[in-house]
Amino acid sequence: MGLAHRRRLLLHLLLVAAAAEAAAGAGRKEKGIGGGGGGGGLRFRSGSGTFKVVQVADMHYADGRRTGCLDVLPSEVAGCSDLNTTAFLYRLFRAEDPDLVVFTGDNIYGFDATDAAKSMDAAIAPAINMNLPWAAVIGNHDQEVVTILRCLPSVDMTKYMKEEPKQKAAAPGLVYFHIPLPEFSSFTSSNFTGVKQEGISSPSINSGFFASMVEAGDVKAAFIGHDHVNDFCGKLNGIQLCYAGGFGYHAYGKAGWSRRARVVSVQLEKTDGGEWRGVKSIKTWKRLDDPHLTTIDSEVLWNRGSNGRRKKNPDGKIR
């Protein structure tokens with residue numbers, strides 16, 4: 001397996017491992033499910049049986065206040081900078097209180113960054129300052145950043161792989177990477193949720209990565225960035241393929257179309273006896289950087305027993 005393939009799969013392994021855990025232990029903010037003995041780590045919350053991931057795509061961070069915004073309304077230009085991106089991160093993290101933050105590439109814009117390492121530190125700083133577990137995937141604009149992937153030390157992969165999970169079948173996997181696969185071109189407006197406002201910038205050669213995920217059988221959803229004004233999810237061969245939508249203000253976007261992030265919530269099943277078991281469902285929604293941090297496009301990506309069929313409320317909205 002090539003290096004690039006291994007990097008793509010690493011976050012998948014982290015999240016599969018977290019999903020497979022259902023033994024009692026202590027969590028970051030409350031007693032959690034999974035991970036064994038003590039301290040932090042990736043684990044479900046014992047009160048709700050949930051594990052929430054916030055995806056941040058394409059921040060394009062550069063030099064902070066000195067870096068202007070792209071594709072905003074004329075009334076928003078004055079005073080708009082990378083600091084708007086930072087402010088959105090803090091608002092988002094406070095609202096969602098995630099168990100893991102995944103930065104899916106183009107975290108900085110290397111061409112405009114005076115010091116790429118400092119730009120990366122500034123971009124990731126809100127997650128660190130709020131003591132949130134996080135991981136970063138590298139995109140095509142993350143030039144000269146030495147750190148390829150950082151996870152908090154509390155994520156102990158050896159321990160995760162050795163412990164016996166209570167998940168009877170293979171745990172549902174979530175995969176995070178930056179550039180879309182050719183298969184993201186398979187959808188039309190009639191079979192996805194969200195918007196497609198630009199072409200799919202996938203490689204011209206199909207690496208077979210999507211076929212590998214299908215063959216593995218445990219991957220239920222893949223999440224990407226790169227094409228900033230796409231934010232749709234569509235299902236192909238049993239796998240949900242999802243864009244996050246552009247997050248950063250020093251990244252191209254669309255004036256009047258809010259910057260956004262994708263949230264994923266994984267829910268465990270609870271037995272009649274009150275014990276948490278394997279994963280029951282995977283849901284997603286998006287948060288907009290508007291005055292109300294509006295939530296849009298809530299949907300079920302996967303539901304054990306129903307194969308992730310999406311349901312509509314009486315108002316016609318998909319839930």
Side-chain angles (χ1 to χ4, degrees), residues 12 15 19 50-58 88 92 95-96 98 101-102 104-105 172-202 210 213-214 218-247 251 253-254 256-267 279-290 292-319:
H12 169 217
L15 292 169
T50 58
F51 186 87
K52 185 187 290 184
V53 183
V54 164
Q55 179 192 1
V56 176
D58 299 278
F88 183 20
L92 174 67
E96 291 292 354
V101 179
V102 181
T104 53
L174 309 178
V175 184
Y176 289 85
F177 47 99
H178 180 64
I179 295 178
L181 303 172
E183 286 79 7
F184 275 79
S185 299
S186 303
F187 307 106
T188 66
S189 59
S190 64
N191 62 359
F192 65 65
T193 301
V195 297
K196 177 183 177 184
Q197 301 179 116
E198 64 177 307
I200 309 300
S201 301
S202 59
F210 180 77
M213 291 193 294
V214 173
D218 58 345
V219 178
K220 304 305 178 186
F223 304 93
I224 62 161
H226 192 60
D227 299 326
H228 304 177
V229 293
N230 292 341
D231 73 352
F232 66 81
C233 278
K235 188 176 180 181
L236 181 66
N237 293 348
I239 298 177
Q240 297 278 359
L241 301 179
C242 298
Y243 276 98
F247 190 97
K254 186 176 180 182
W257 192 70
S258 299
R259 265 60 174 186
R260 60 202 58 212
R262 182 170 291 280
V263 184
V264 173
S265 180
V266 183
Q267 175 69 56
V279 175
K280 178 182 180 181
S281 65
I282 302 171
K283 299 179 181 179
T284 189
W285 58 89
K286 288 167 289 191
R287 283 275 195 168
L288 307 185
D289 191 19
D290 63 13
H292 305 289
L293 276 178
T294 302
T295 297
I296 64 168
D297 293 341
S298 299
E299 61 177 312
V300 176
L301 295 178
W302 179 84
N303 197 346
R304 188 168 63 193
S306 65
N307 198 25
R309 289 193 298 270
R310 293 175 290 181
K311 298 180 180 179
K312 288 187 177 181
N313 285 347
D315 61 5
K317 294 182 179 179
I318 296 175
R319 298 296 185 212

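Throughout, residue positions are numbered sequentially from 1 according to the sequence presented. In this text the structure is predicted, and so the values were computed from the model without any measurement. Side chains included, hydrogens not; waters and symmetry mates left out as well; all remaining heavy atoms used.
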Item checked: Nearest-0.5 Å distance that lies between atom CZ in F210 and atom OG in S202 -> 13.0 Å

Checklist line | Nearest heavy atoms of I239 and A222, plus distance in Å | finding: CG2-N, 4.3 Å

Next item on the list: Locate the shortest heavy-atom distance separating V56 from V101; write the atom from each residue and the value.
Entry: CG2-CG1, 4.3 Å

Margin query: Keeping R287 on the side-chain end and L293 on the backbone end, is there a donor-acceptor pair under 3.5 Å?
Written below: yes

Note to self: Quick check against the 3.5 Å criterion: does T50 have a side-chain atom that pairs as donor or acceptor with the backbone of Q267?
What the structure shows: no

Check: Using the ring of each side chain (for Trp, its six-membered ring), is F88 parallel, tilted or perpendicular to F247, with breaks at 30° and 60°?
Finding: parallel

Next item on the list: Provide the closest heavy-atom pair for G238 versus K235 in the form atom of the first, atom of the second, distance.
Entry: CA-CE, 3.8 Å

Checklist line | Side chains of F223 and V264 in contact at under 4.5 Å (non-hydrogen atoms) | finding: yes

Check: So, does N303 use its side chain to make a donor-acceptor pair with the main chain of S281 at under 3.5 Å?
Finding: no

Notebook entry, point to check: Short question: side chain of N230, backbone of E198 - any donor-acceptor pair under 3.5 Å?
Noted result: yes

Note to self: What I'd like to find out is whether the side chain of L301 reaches to under 4.5 Å of the side chain of E299, using heavy atoms alone.
What the structure shows: yes

Notebook entry, point to check: So, for N191 and S186, which heavy atoms are closest and what is the spacing to 0.1 Å?
Noted result: ND2-O, 4.2 Å

Notebook entry, point to check: Can you check whether G245's main-chain N or O pairs, donor with acceptor, with H228's side chain at less than 3.5 Å?
Noted result: no

Item checked: Interatomic distance, I282 atom CD1 to K280 atom NZ [nearest 0.5 angstrom] -> 13.5 Å

Check: Would L181 and L241 count as a side-chain contact (heavy atoms from CB on, under 4.5 Å) if you check the C-alpha gap in whole Å, the side-chain angles of each, and the deciding distance to 0.1 Å?
Finding: CA-CA 9 Å; L181 303 172; L241 301 179; 5.5 Å; no

Check: For the ring pair F192 and F232, is the centre-to-centre distance below 6.0 Å?
Finding: yes

Checklist line | Min side-chain heavy-atom separation F51-L174 under 4.5 Å | finding: no

Margin query: If you compare all heavy atoms of V300 against all heavy atoms of Q240, which two are closest, and at what distance to 0.1 Å?
Written below: O-NE2, 4.5 Å

Check: Would you find a donor on one side and an acceptor on the other, under 3.5 Å apart, between the side chain of R262 and the backbone of Y243?
Finding: yes

Check: Between D227 and S201, is there a donor-acceptor pair closer than 3.5 Å when you use the side chain of the first and the backbone of the second?
Finding: yes

Note to self: Ignoring hydrogens, what is the shortest heavy-atom contact between A244 and K286? Give both atom names and the distance.
What the structure shows: O-CD, 4.3 Å

Margin query: With a 3.5 Å distance limit and no angle check, can you tell me whether K52 reaches the backbone of E96 through a side-chain donor-acceptor pair?
Written below: yes

Next item on the list: Among D231, D297, D290, D58, find the residue that satisfies the salt bridge (charged side-chain N to carboxylate O under 4.0 Å, His left out) test when tested with R260.
Entry: D231

